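First up is the structure itself, then whatever we jot down about it.
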Amino acid sequence: MGMYNEKVMEHFTNPRNAGTMENPDAVGSYGSPVCGDMMEISLKIEDNVIVDAKFRTFGCGSAIASSSVATDMIKGKTLEEALALTNQNFVDELGGLPGAKIHCSVLSEQAIKLAIYNYAKEKGLVLEGLKDFDPNEEHDHE
Ligand code: FES
């Protein structure tokens, strides 16, 4: 199977939460400064809890696997809990990614944060987890 473990391959071949939804409460999309690929996350939010999440990506297999676990992990979480998750949490959940593919998991983290940022802005919510978040910053993690 080469450089990808079985869990990564499983999420790549059978991604959870792929697609879009009708009338999402929040959408965030993020383009990677590393590879130019894109990720879009749509969220349904009720009482500050993420009740559904979907993703679309123009990205590689690692981006698909990362967003599959990421969208699963944020469902049922509060906005603050979801903001506390980083791409490393998604990589850990996958049992690891090859070093050169870690940046692909950053797409999921940033698209989720942007979706929540857009939601908070629209609703006038002040969220602790967004206090250092700059939507215009290029996140160039390796
Ligand atoms: Fe671009 Fe993986 S190479 S998301």
Side-chain angles (χ1 to χ4, degrees), residues 1-46 48-123 125-142:
M1 190 153 304
M3 41 194 238
Y4 297 107
N5 72 40
E6 255 174 54
K7 191 158 184 192
V8 175
M9 288 306 290
E10 203 278 312
H11 276 273
F12 167 60
T13 9
N14 181 24
R16 324 303 191 258
N17 316 307
T20 52
M21 61 176 68
E22 268 183 44
N23 306 320
D25 294 305
V27 178
S29 58
Y30 181 73
S32 169
V34 182
C35 62
D37 289 334
M38 289 279 306
M39 170 83 59
E40 179 191 84
I41 299 272
S42 312
L43 303 175
K44 271 262 184 260
I45 298 165
E46 283 172 18
N48 286 351
V49 173
I50 296 170
V51 293
D52 199 10
K54 296 266 191 223
F55 77 90
R56 281 199 304 184
T57 183
F58 292 99
C60 68
S62 300
I64 293 171
S66 300
S67 25
S68 176
V69 290
T71 44
D72 258 357
M73 284 171 82
I74 60 174
K75 281 202 268 183
K77 291 211 165 35
T78 65
L79 298 176
E80 293 285 14
E81 287 167 345
L83 286 169
L85 291 173
T86 68
N87 72 301
Q88 190 59 48
N89 297 117
F90 309 145
V91 172
D92 290 347
E93 181 68 17
L94 283 170
L97 279 176
K101 303 303 271 179
I102 296 295
H103 73 88
C104 311
S105 62
V106 174
L107 264 68
S108 315
E109 177 188 338
Q110 291 305 319
I112 289 167
K113 290 201 159 107
L114 274 164
I116 297 175
Y117 173 87
N118 291 338
Y119 182 80
K121 205 165 139 191
E122 188 191 316
K123 303 281 177 195
L125 284 178
V126 178
L127 296 171
E128 181 65 22
L130 285 173
K131 77 177 177 351
D132 297 323
F133 181 73
D134 175 356
N136 300 313
E137 187 187 325
E138 294 220 325
H139 296 261
D140 198 5
H141 309 214
E142 282 302 327

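On a predicted model such as this, the values are computed, not experimentally measured, just so you know. Both counts, for ligands and for their atoms, begin at 1 and track the order of listing.
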- Take Asn23 and Lys44, measure what side chain to side chain donor-acceptor pair (under 3.5 Å) needs, and give me the verdict at the end. CA-CA 8 Å; Asn23 306 320; Lys44 271 262 184 260; over 6 Å; no
- Task: Go through Glu22 and Lys54 one step at a time and tell me if the salt bridge (charged side-chain N to carboxylate O under 4.0 Å, His left out) criterion holds.
- Result: CA-CA 11 Å; Glu22 268 183 44; Lys54 296 266 191 223; over 6 Å; no
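Annotation: Phe133 is in aromatic contact with Tyr117 [ring centroid separation under 6.0 Å].
When Ile50, Leu127, Val27, Leu79 are each tested for a side-chain contact (heavy atoms from CB on, under 4.5 Å) with Tyr119, only one passes: Leu79.
Between the Asp52 side chain and the Lys75 main chain, no donor and acceptor come within less than 3.5 Å of each other.
Tally of protein N, O or S atoms closer to atom 1 (Fe) of ligand 1 than 2.8 Å: 2.
In summary, the side chains of Asn89 and Glu93 do not present any donor paired with an acceptor at a separation below 3.5 Å, with no hydrogens or angles considered.
Taking every non-hydrogen atom of Lys101 and a distance limit under 4.0 Å, the qualifying atoms of ligand 1 come out as 2 (Fe), 3 (S).
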